[in-house]
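Reviewing the structure listed below.
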Amino acid sequence: MKCSLDSVLIIANTAKVGAAEAAREIAAYLESSARAVQTFSYDRGATALPAETRFDLAVTLGGDGTVLFASRVLAERDTPILPVNLGDFGFITEVGRE
């Protein structure tokens, strides 16, 4: 089975310090490798993504709430999620920014 990363969604909780900057850095890196990237700024009131698009991977930048939001809105799309923790503590988001 071949796994491709042609389309990546970045969900950034911009209430977290460094989320917007990290989203820009990740997007620039992925775009330099000819990948399509869409960035979505998450806030606690969000209930859905702006477009019904399929993604090969979603990267969440925030904390547990951000990854739970992504899990809820991406569940029917069968999109894998890489959660990155930008807070102090997280049960679900154990990958740090470094």
**Study point:** Atom pair CZ/OG1 of R24 and T39 - distance to nearest 0.5 Å
**Key:** 10.0 Å
Review point. So, do V67 and N85 sit near enough that their side-chain heavy atoms are less than 4.5 Å apart?
Key: no
Review point. Which atom pair, heavy atoms only, marks the closest approach of A12 to A23?
Key: CB-CB, 4.0 Å
Review point. Going from OG on S41 to CD1 on I10, what distance comes out if it is rounded to the nearest 0.5 angstrom?
Key: 10.5 Å
**Study point:** Value rounded to 0.5 Å, distance of CD1 in I81 from CG in L74
**Key:** 5.0 Å
Review point. Can you name the closest pair of heavy atoms from T60 and P83 and give their distance?
Key: OG1-CA, 3.1 Å
Review point. Can you name the side-chain contact (heavy atoms from CB on, under 4.5 Å) partners of S7, sequence neighbours left out?
Key: F55, D56
Practice item. Taking all non-hydrogen atoms of both residues into account, name the closest pair between R77 and R54 and its distance. Key: O-NH2, 2.5 Å
Practice item. Kindly indicate whether the side chain of L5, heavy atoms from C-beta on, has any atom under 4.5 Å from the side chain of R35. Key: yes
Exercise for review: Rounded to the nearest 0.5 Å, what's the gap from CG on L30 to CD on E25? Could you check?
Suggested key: 12.0 Å
Revision key, fill the gap. Nearest heavy-atom approach of A58 to T79 is N-CG2, 3.8 Å
Review point. Can you name the closest pair of heavy atoms from A27 and V37 and give their distance?
Key: CB-CG1, 3.9 Å
Review point. Mind checking whether T66 and I11 have side chains closer than 4.5 Å, heavy atoms only?
Key: yes
Check your understanding: Rounded to the nearest 0.5 Å, how far does CG of L61 lie from CG of N13?
Key -> 9.0 Å
Check your understanding: Taking the six-membered ring for Trp, are Y42 and F69 parallel (under 30°), tilted (30 to 60°) or perpendicular (over 60°)?
Key -> tilted
**Study point:** Residue pair V84, V59: steps toward the side-chain contact (heavy atoms from CB on, under 4.5 Å) verdict
**Key:** CA-CA 7 Å; V84 178; V59 178; 4.1 Å; yes
